[in-house]
Amino acid sequence: MRYFNLFSNILITKGASRILISDLQRNTSELYPLELCDLIAELNKSSIEEVLTLYDHESKIIIQQYLDLLLEEEYGFITSGDWDKNFIPMSLEYHDNSTISNLFIEIDGLSVLQKIKSSIEKLEIKYLTIFSHKNLSYEEFLKIDRYFKKSPVEGIDILSPYHQSIDDIFIQNLNSEVFRIYNLTFYSYKEKISTLKDDYRFTINFTNQKLTINSCGKVNMDYFNTNITKVLEAINYNSCLYKKIGIDLEGNIKNCPAMPKIFGNVKTNSLEEAIKHSEFPEYWNLTKDHIETCKDCEFRYICTDCRAYTELSHKNDNGLDCSKPLKCGYNPYIGEWEDWSTNQLKQKAINHYKIIANK
């Protein structure tokens with residue numbers, strides 16, 4: 001008897017109309033028909049020969065084609081006998097030993113970073129996302145990087161308005177001076193920098209959009225990420241808010257700067273005090289498997305959730321908003337995408353958030 005075995009790094013996510021097969025070692029995901037999921041389930045219980053006896057001649061040809069596909073894509077392998085039972089499946093558990101792993105902060109100057117620096121160090125926050133409303137000079141980029149020179153911070157992502165001083169030399173000099181900045185996004189730019197290299201220590205993005213804090217929360221395939229750490233986090237916790245903290249432009253401490261609930265203000269409270277609030281971690285365990293529509297979506301473990309902007313249609317037994325993200329136009333029941341901003345069923349929520357359609 002021959003048995004088909006999935007490699008332990010292969011994750012199959014079943015949706016309402018399709019499945020997604022994710023290779024967590026190669027960081028890739030591919031869509032396949034729903035019937036392939038049923039076949040793999042049968043092969044998991046019985047030998048290939050036993051499964052083939054369940055089908056007529058034409059169906060057997062299709063089964064063999066699927067087997068060839070699974071082997072060609074290196075999703076699995078074939079063994080003889082029952083020694084395959086010795087293979088240990090990959091654990092899907094996720095552990096993050098940090099108290100808070102990420103901070104997302106809006107700024108209109110650097111003074112607030114100095115104010116919260118002590119809290120960042122005490123909480124051992126590793127990653128910062130800084131959304132600046134004002135132009136940042138070359139010296140200010142260096143200051144941001146050097147503020148956290150002797151801190152636990154490993155990476156800094158900065159979104160800042162584009163200005164004319166940002167040219168090739170500006171970027172090249174930054175590359176030689178900063179160590180923690182790993183991503184730069186310049187928004188509201190008027191012209192492209194044509195000679196940028198691709199070997200900087202950070203990634204660079206330019207957009208002509210005038211980004212605001214409510215520009216976040218978009219769901220589309222460009223943002224999907226088959227990263228094993230992110231996937232395991234999404235299986236076990238909320239992929240947007242777990243161990244995250246936010247600070248808005250007024251200094252209010254929140255789960256996310258775009259969310260309404262406030263747990264203090266940096267003018268009078270430390271981040272350590274804010275996270276002790278009983279309601280601060282309430283969304284951490286709300287996985288995509290508990291969110292309306294998302295729970296039936298094949299993309300749910302490679303997609304980042306958004307609780308700041310939702311369709312405002314459902315609450316769970318604990319009173320938490322478990323509605324589908326507002327800025328998602330995917331329908332998993334028919335496997336099609338549409339423009340979320342023109343969906344008439346979303347207009348009430350769009351009006352509630354006062355969101356401009358193209359944001």
Side-chain angles (χ1 to χ4, degrees), residues 1-95 219-237 239 287-289 293-305 328 330-337:
M1 292 289 189
R2 296 176 303 143
Y3 292 86
F4 175 77
N5 310 271
L6 279 177
F7 284 116
S8 60
N9 58 289
I10 301 301
L11 176 70
I12 299 177
T13 308
K14 186 177 181 180
S17 62
R18 298 184 293 186
I19 66 169
L20 189 77
I21 298 184
S22 299
D23 186 327
L24 301 182
Q25 183 174 345
R26 292 173 173 160
N27 295 349
T28 59
S29 290
E30 297 292 339
L31 289 164
Y32 293 98
L34 201 57
E35 63 184 6
L36 180 56
C37 186
D38 297 331
L39 172 60
I40 293 173
E42 291 177 354
L43 291 169
N44 188 50
K45 297 183 294 184
S46 307
S47 69
I48 295 173
E49 288 78 12
E50 289 170 328
V51 170
L52 288 174
T53 63
L54 303 174
Y55 297 91
D56 59 27
H57 177 70
E58 291 185 2
S59 298
K60 287 179 181 179
I61 295 175
I62 296 174
I63 298 300
Q64 189 59 56
Q65 289 174 340
Y66 273 138
L67 269 173
D68 291 342
L69 169 69
L70 293 169
L71 295 170
E72 180 181 345
E73 296 295 330
E74 297 184 312
Y75 292 145
F77 57 99
I78 291 177
T79 57
S80 299
D82 59 0
W83 65 283
D84 60 293
K85 294 178 182 178
N86 295 318
F87 299 136
I88 300 174
M90 184 182 75
S91 171
L92 296 180
E93 294 181 1
Y94 177 80
H95 300 284
V219 176
N220 63 55
M221 297 182 75
D222 292 339
Y223 302 137
F224 290 170
N225 188 353
T226 310
N227 173 288
I228 186 170
T229 302
K230 292 296 184 182
V231 169
L232 294 181
E233 180 182 36
I235 290 173
N236 292 277
Y237 300 102
S239 56
T287 72
K288 284 294 191 74
D289 290 319
T293 305
C294 296
K295 62 187 180 183
D296 298 319
C297 180
E298 63 271 25
F299 297 119
R300 61 188 179 273
Y301 300 136
I302 63 171
C303 172
T304 301
D305 185 40
C328 176
Y330 182 63
N331 184 339
Y333 305 104
I334 59 175
E336 294 181 0
W337 291 85

Could you check whether any side-chain heavy atom of [X] comes within less than 4.5 Å of a side-chain heavy atom of [Y], counting everything from C-beta outward?
{"X": "Ile228", "Y": "Met90", "answer": "yes"}
{"X": "Ile61", "Y": "His57", "answer": "yes"}
{"X": "Leu31", "Y": "Phe299", "answer": "yes"}
{"X": "Tyr301", "Y": "Thr226", "answer": "no"}
{"X": "Val219", "Y": "Phe224", "answer": "yes"}

From [X] atom [atom1] to [Y] atom [atom2], the distance as rounded to the nearest 0.5 Å:
{"X": "Asp38", "Y": "Lys14", "atom1": "CG", "atom2": "NZ", "result": "5.0 Å"}
{"X": "Phe4", "Y": "Leu67", "atom1": "CZ", "atom2": "CG", "result": "7.0 Å"}
{"X": "Ile21", "Y": "Thr28", "atom1": "CD1", "atom2": "OG1", "result": "10.0 Å"}
{"X": "Ile48", "Y": "Thr53", "atom1": "CD1", "atom2": "OG1", "result": "12.5 Å"}
{"X": "Glu50", "Y": "Lys45", "atom1": "CD", "atom2": "NZ", "result": "11.5 Å"}
{"X": "Leu24", "Y": "Ser8", "atom1": "CG", "atom2": "OG", "result": "9.0 Å"}

Taking [Y]'s backbone N and O only, do any of them form a donor-acceptor pair with [X]'s side chain (distance below 3.5 Å, no angle check)?
{"X": "Asn236", "Y": "Leu92", "result": "yes"}
{"X": "Asn5", "Y": "Gly76", "result": "no"}
{"X": "Arg18", "Y": "Pro332", "result": "no"}
{"X": "Ser46", "Y": "Val51", "result": "no"}

What are the two closest heavy atoms between [X] and [Y], and how far apart are they?
{"X": "Asn27", "Y": "Asn227", "result": "OD1-CA, 4.1 Å"}
{"X": "Leu34", "Y": "Ala16", "result": "CD2-O, 3.7 Å"}
{"X": "Glu73", "Y": "Tyr32", "result": "CG-OH, 3.9 Å"}
{"X": "Ala234", "Y": "Arg300", "result": "CB-O, 4.4 Å"}
{"X": "Ser239", "Y": "Cys303", "result": "OG-O, 3.4 Å"}
{"X": "Pro33", "Y": "Ile19", "result": "O-CG1, 3.8 Å"}

(request) Decide yes or no on side-chain contact (heavy atoms from CB on, under 4.5 Å) for Ile302 and Val231, but give the supporting numbers first. (result) CA-CA 6 Å; Ile302 63 171; Val231 169; 4.0 Å; yes
(request) Could you label the plane-to-plane angle of the Trp337 and Tyr330 rings as parallel, tilted or perpendicular, counting under 30° as parallel and over 60° as perpendicular? (result) tilted
(request) Count the heavy atoms belonging to other residues, nucleotides or ligands that lie under 6.0 Å from CD of Gln25, then report whether that count exceeds 12. (result) no
(message) Tell me whether Glu49 at atom CD has more than 12 heavy atoms from other residues, nucleotides or ligands lying less than 6.0 Å away.
(response) yes
Check whether the side chains of [X] and [Y] place a donor and an acceptor atom closer than 3.5 Å, and report yes or no.
{"X": "Tyr75", "Y": "Glu30", "answer": "no"}
{"X": "Tyr237", "Y": "Asp305", "answer": "no"}
{"X": "Asp23", "Y": "Asn9", "answer": "yes"}

(request) Apply the test side-chain contact (heavy atoms from CB on, under 4.5 Å) to residues Tyr333 and Asp296: give CA-CA distance (whole Å), side-chain angles for both, the deciding distance (0.1 Å), then the verdict. (result) CA-CA 8 Å; Tyr333 305 104; Asp296 298 319; 2.6 Å; yes
(request) Check the pair Thr13 / Lys288 against side-chain contact (heavy atoms from CB on, under 4.5 Å), numbers first and verdict last. (result) CA-CA 12 Å; Thr13 308; Lys288 284 294 191 74; over 6 Å; no
(request) Please assess Leu6 against Ile12 for the test side-chain contact (heavy atoms from CB on, under 4.5 Å), listing each intermediate value before the final yes or no. (result) CA-CA 10 Å; Leu6 279 177; Ile12 299 177; 3.6 Å; yes
